[in-house]
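Single-structure report; data block below.
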There are 2 protein chains.
Amino acid sequence: MNVGRRVDYAVRALSFLAGQPAGKIVSRADIEKCQDIPSFYLSKIMKDLVAGGLVQSHIGSKGGFSLAKLPTSISIKDVYETVERPLVLMDCLERGADYCSYCSVCTQKSIWEEAQKVLAEFLGRISINDIADRQGLKGRLVGSLQKAG
Amino acid sequence: MNVGRRVDYAVRALSFLAGQPAGKIVSRADIEKCQDIPSFYLSKIMKDLVAGGLVQSHIGSKGGFSLAKLPTSISIKDVYETVERPLVLMDCLERGADYCSYCSVCTQKSIWEEAQKVLAEFLGRISINDIADRQGLKGRLVGSLQKAG
DNA sequence: GACAAAGAAGACCTAGAGAGTCTATATTGT
DNA sequence: ACAATATAGACTCTCTAGGTCTTCTTTGTC
Ligand code: SF4
Ligand code: SF4
């Protein structure tokens with residue numbers, strides 16, 4: 001019932017991209033440096049974000065990543081589901097009787113279904129832009145500090 | 001970001017106890033049988049529920065468990081936090097800079113804090129009684145079926 | 001008092017997930 | 001041609017979740 005590093009890093013990477021000048025392409029290594037993400041770890045995450053259509057990749061020299069959508073139209077729920085899994089609180093809600101033999105007489109299932117709906121609705125309303133906006137200078141500042149060091 | 005078996009079993013066990021006649025004491029093995037919970041697994045969960053003051057244990061022959069509170073005053077959030085951990089969506093919210101060096105310039109933290117609040121508020125409003133009520137007959141039926149089999 | 005039936009406590013095992021690191025390959029701008 | 005870059009995936013390590021079982025202690029009942 002908690003969110004792991006993949007999502008954390010993904011949100012930070014996307015926020016960072018959202019804070020760049022339009023059209024700017026940033027390399028994996030740069031994002032990692034600026035956002036204090038372990039080296040190379042981002043490669044796997046970015047792959048998912050590209051596959052999910054949230055960012056655009058540019059292979060080759062001077063390549064890198066840029067957002068593929070408006071930051072206002074990328075929700076935290078999108079990010080979560082893209083880099084991790086469908087937003088599901090209890091596995092039976094996704095896998096049914098596969099996961100639980102008690103399914104047919106269960107009465108708590110609907111509780112989790114509703115809780116999940118509440119959460120999904122909330123996270124669906126927050127966008128990367130909501131995070132990047134407030135980050136703005138801060139994010140870039142950290143970047144230059146690290147580059148300087 | 002999903003709920004595991006411990007919570008599932010705990011909720012079922014508590015609901016089952018709530019559905020018993022007042023004062024009835026049920027053994028671990030019986031709960032396991034009636035609720036289709038793996039043998040012995042409940043012992044560890046019940047320990048936590050006892051320690052958390054949600055159920056009362058009765059050692060010795062003819063011993064077992066019974067609720068220590070009204071089923072209306074046990075929330076799903078209580079159960080979760082008793083058998084698993086504090087309801088926290090992002091670890092930094094609990095462990096601070098211990099967990100994340102980026103904490104000081106982070107802007108997504110507050111998002112998770114709010115999401116967590118929304119979820120906690122929802123789960124805090126659902127009680128074991130809400131689940132047990134609807135279970136009633138069903139729960140006991142499964143029990144007798146399994147005993148017969 | 002003896003005995004059986006419970007919980008308490010905790011050791012033990014296994015599979016898989018999460019996090020992180022690195023390399024080999026394909027692609028592309030200069 | 002070369003350097004820089006994404007892509008793909010192998011690899012390791014540690015921790016957790018889930019499950020099983022054993023030993024000890026307590027207690028009701030005969
Ligand atoms: S008992 Fe109910 S809530 Fe639990 S896994 Fe089965 S169907 Fe889902
Ligand atoms: S970056 Fe922000 S949200 Fe992520 S762990 Fe650090 S403080 Fe928490």
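Nothing here was measured: the structure is a model prediction, and the numbers come from that model.
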Between [atom2] on [N] and [atom1] on [X], what's the gap in Å once rounded to a whole number?
| X | N | atom1 | atom2 | result |
| --- | --- | --- | --- | --- |
| A:D91 | D:dA17 | CG | C1' | 12 Å |
| A:E32 | C:dG20 | CD | P | 11 Å |
| B:K47 | D:dC24 | NZ | C1' | 13 Å |
| A:L49 | D:dT7 | CG | C1' | 14 Å |
| A:R28 | C:dT21 | CZ | P | 11 Å |
| B:I45 | C:dG7 | CD1 | C1' | 15 Å |
| B:D48 | C:dG7 | CG | C1' | 14 Å |
| A:N2 | D:dC15 | CG | P | 16 Å |

> What one-letter contact string describes nucleotides 23-30 of chain C from 5' to 3', where B marks a base within less than 4.0 Å of any protein heavy atom, S marks contact via sugar-phosphate atoms alone, and - marks no contact?
Replying inline: B---BBB-
Would you check if the side chain of [X] reaches a backbone N or O of [Y] as a donor-acceptor pair within less than 3.5 Å?
| X | Y | value |
| --- | --- | --- |
| A:R6 | A:E84 | no |
| A:E32 | A:F40 | yes |
| A:D78 | A:S75 | yes |
| B:Q56 | B:A68 | no |
| B:D48 | B:I45 | no |

> Cut-off 3.5 Å, side chains only: do B:Q35 and B:Y9 have a donor facing an acceptor?
Replying inline: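 The criterion, which ignores hydrogens and geometry beyond distance, is not satisfied for B:Y9 and B:Q35.
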N/O-N/O pairs, protein side and nucleotides 17-19 of chain C side, under 3.5 Å:
unit_1: C:dG18; atom_1: OP1; unit_2: A:R85; atom_2: NH2; d: 2.6
unit_1: C:dA19; atom_1: OP1; unit_2: A:R5; atom_2: N; d: 2.9

> To 10°, what angle do the rotation axes through the five end pairs on each side of the helix from C:dG1-D:dC30 to C:dT30-D:dA1 form?
Replying inline: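 One end's axis against the other's: 10°.
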> When rounded to the nearest 0.5 angstrom, what is the spacing between CG in A:L119 and CD in A:Q116?
Replying inline: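 One finds 8.5 Å between CG of A:L119 and CD of A:Q116.
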>> Measuring from atom CD1 of B:I74 to atom OG of B:S15, what distance do you get when rounded to the nearest 0.5 angstrom?
In response: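 Interatomic distance, B:I74 CD1 to B:S15 OG, rounded to 0.5 Å: 9.5 Å.
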> Between B:R125 and B:E121, is the closest basic N to carboxylate O distance under 4.0 Å?
Replying inline: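 Between B:R125 and B:E121 there is a salt bridge, with a charged N closer than 4.0 Å to a carboxylate O.
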>> Please identify which of these residues, B:M1, B:M90, B:R85, meets the side-chain contact (heavy atoms from CB on, under 4.5 Å) condition with A:N2.
In response: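 Filter result, single survivor: B:R85.
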> Are A:V11 and B:I111 close enough that some pair of their side-chain heavy atoms sits under 4.5 Å apart?
Replying inline: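 The answer is no, as the side chains (C-beta and beyond) never meet within the 4.5 Å cut-off.
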